[in-house]
Amino acid sequence: MKINPQRFLADLHTLRSFGASGVGKGVVRPAYTAVDIAARRWLASRMQEAGLEVRFDRLGNLFGIAGEKSLLIGSHSDSQPEGGWLDGALGVIAGLEIARASKEAGGPPISVVSFQDEEGRFGVLTGSDVWTGRLSMADADQQTDNEGQTLRAARQRMKEGTEKPVPTDLFTGFLEMHIEQGPTLDTTGEKIGVVTNIVGIRDMRITFTGRQNHAGTTPMHLRQDAFQALSAFNTRLNERFAEIVTPATVWTLGHVALHPNASSVVPGRVTFSMQWRDAEAARLLEMEQIIRQTCDEIAAERDVEVEMGPVMGIEPVAMDDRIQAALRAAAEDLAPQQWRDMPSGALHDAANVARVMPTGMLFVPSIGGISHAFDEDTDEADLTLGLEVLAQAAAAL
């Protein structure tokens with residue numbers, strides 16, 4: 001197998017042109033938008049030119065199939081509302097180039113995939129959720145985006161997506177190459193990360209409801225201020241988490257909606273998202289218990305009510321030992337002493353696929369640790385090195 005770095009980079013830049021933001025190398029290509037559909041049609045044409053059998057499933061997942069019992073390589077090609085040119089796209093184009101090179105060399109069959117809606121416009125890893133059976137098509141269709149549009153309505157724009165599901169047992173394993181999306185490799189100067197495991201994630205929505213009142217006439221000691229409850233909750237939660245978490249554990253409060261959000265009104269209600277991530281399922285559960293206990297305490301102390309929604313998420317998952325070994329061997333051969341084992345703090349389609357077949361992931365550096373932003377970037381020499389390591393591991397597997 002002989003990969004073609006120039007062809008690989010040219011395809012990667014062409015894919016960037018679909019939804020190019022005009023700011024740096026940024027991309028605006030959310031799932032099911034016109035540019036996302038156009039990009040998928042272009043990807044399908046490149047797969048066909050490479051001699052692969054093109055298949056869209058009903059959700060819009062795009063496969064380039066080389067044959068039965070083939071190794072599957074890929075990622076996703078949709079972006080965040082304001083995204084970078086490499087997140088997901090790198091893994092798809094790397095898979096395309098390796099599949100093409102293997103076919104040209106008469107090597108083993110290697111197939112390619114671009115999963116749909118990995119970035120979660122309608123859910124969490126929607127395309128691989130449905131493909132691996134974690135989410136039914138009927139349930140996925142009912143999911144809505146931030147504007148209230150259903151997934152069913154969005155996917156009907158993709159006239160290609162009418163075929164039956166592609167069976168997971170068609171493939172012997174899955175490889176996903178991705179930018180790190182964090183600062184570790186960039187800070188250490190290392191070139192390759194062999195992913196050992198993908199952290200689990202939990203997400204829930206919480207609402208504190210107090211008493212909306214006049215901001216000028218309501219004494220501080222009589223207020224039932226929803227925002228003050230949120231502030232107190234955040235402070236106490238950080239203190240309690242500090243006693244049980246590891247340096248790799250993360251948690252985030254976001255999507256804060258304050259009502260009525262006026263300068264002269266004591267806030268009567270605040271709703272926010274609470275997300276936490278860790279590699280250990282037991283610690284995720286312990287964090288949930290702390291969140292619930294802290295919510296109840298703050299509600300009692302601040303004389304407000306609290307409502308906690310259902311906890312959603314995905315379990316931590318380890319990458320396959322045999323695939324890790326192949327990636328390590330290739331990394332040591334092509335980037336000796338410039339690679340490391342590392343966990344993934346970000347969620348990827350590999351987390352779903354690992355539940356139905358042997359799976360592995362490879363990271364390349366992110367300049368400045370930046371991702372999900374227009375200035376996301378990686379040196380092209382690092383992109384090519386990552387491709388070479390992935391190709392050597394694929395050939396060994």
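Since the model is a prediction, treat every value here as computed from it, not as a measurement.
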ask   = Looking just at side-chain N and O atoms, do Thr14 and Ser17 make a donor-acceptor pair shorter than 3.5 Å?
value = no
message = Tell me whether the rings of Trp42 and Phe18 are parallel (<30°), tilted (30 to 60°) or perpendicular (>60°).
response = tilted
query = Around Phe241, counting heavy atoms of other residues, nucleotides and ligands shown, do more than 12 lie under 6.0 Å from its CZ?
reply = yes
ask   = Tell me, do Glu307 and Thr209 make a side-chain contact under 4.5 Å, heavy atoms counted?
value = no
message = Under a 3.5 Å cutoff, is there a donor and acceptor pairing between the side chains of Gln116 and Arg155?
response = no
inquiry  = Check this for me: Glu82, atom CD, are more than 12 non-hydrogen atoms of other residues, nucleotides or ligands nearer than 6.0 Å?
reply    = no
query = Any chance CD of Glu301 has more than 12 other-residue heavy atoms, nucleotides or ligands included, within less than 6.0 Å?
reply = yes
ask   = Should we say atom CD of Gln337 is surrounded by more than 12 heavy atoms from elsewhere, each under 6.0 Å from it?
value = no
ask   = Taking the six-membered ring for Trp, are Phe272 and Phe233 parallel (under 30°), tilted (30 to 60°) or perpendicular (over 60°)?
value = tilted
ask   = Any side-chain heavy atom of Ile206 sitting closer than 4.5 Å to one from Ile291?
value = yes
query = Are Arg283 and Glu286 within salt-bridge range, i.e. N to O under 4.0 Å?
reply = no
task = Verify side chain to side chain contact (heavy atoms under 4.5 Å, CB included) between Thr359 and Val317, making sure each step is shown before the conclusion.
result = CA-CA 10 Å; Thr359 295; Val317 62; over 6 Å; no
key: Salt bridge Arg211-Asp303, side-chain N to carboxylate O under 4.0 Å   = no
task = Report yes if some heavy atom in the side chain of Val166 is under 4.5 Å from a heavy atom in the side chain of Ile65; otherwise report no.
result = yes
message = Tell me every residue that passes side chain to side chain donor-acceptor pair (under 3.5 Å) with Arg7, counting only those two or more places apart in sequence or in another chain.
response = Glu97, Glu104
Within-4.5 Å side-chain heavy-atom neighbours: Leu185 and Val364 = no
task = For Trp85, check ring pair (Phe, Tyr, Trp, His ring centres under 6.0 Å) against everything at least two apart and list the hits.
result = His13
ask   = Side chains of Trp251 and Asp278: do they bring a donor and an acceptor to under 3.5 Å?
value = no
query = What is the ring orientation for Phe363 with His178, classed by angle as parallel under 30°, tilted 30 to 60°, or perpendicular over 60°?
reply = perpendicular
key: Salt-bridge present (Arg236, Glu297; N to O < 4.0 Å)   = yes
ask   = Are Val245 and Met204 linked, directly or through other ILVMFWY residues, by side chains that come within less than 4.5 angstrom of each other?
value = yes
inquiry  = Counting C-beta onward and ignoring hydrogens, is there a side-chain heavy-atom pair between Glu380 and Leu12 closer than 4.5 Å?
reply    = no
ask   = With sequence neighbours left out, which residue pairs that include part of residues 64-76 fulfil the side chain to side chain donor-acceptor pair (under 3.5 Å) condition?
value = Ser70-Ser111, Ser75-Glu176, His76-Asp78, His76-Asp87, His76-Glu118
key: Salt-bridge criterion met for Glu388 and Lys2 (N-O under 4.0 Å)   = no
query = So, do Thr150 and Asp141 sit near enough that their side-chain heavy atoms are less than 4.5 Å apart?
reply = no
ask   = Do Asp57 and Trp131 come close enough that some side-chain heavy atom pair is under 4.5 Å?
value = yes
key: Residue pair Arg328, Glu332: steps toward the salt bridge (charged side-chain N to carboxylate O under 4.0 Å, His left out) verdict   = CA-CA 6 Å; Arg328 290 187 187 108; Glu332 183 59 30; over 6 Å; no
key: Arg121/Asp36 ion pair, N-O < 4.0 Å   = no
query = In this structure, are over 12 heavy atoms from other groups packed under 6.0 Å from Arg269 atom CZ?
reply = no
query = Between Thr294 and Arg240, do the side chains contain an N or O donor and an N or O acceptor separated by less than 3.5 Å?
reply = yes
request  = Check whether any side-chain heavy atom of Asp320 lies under 4.5 Å from a side-chain heavy atom of Phe174, and answer yes or no.
outcome  = no
Same apolar cluster (I L V M F W Y, side chains within < 4.5 Å links), Leu90/Met361 = no
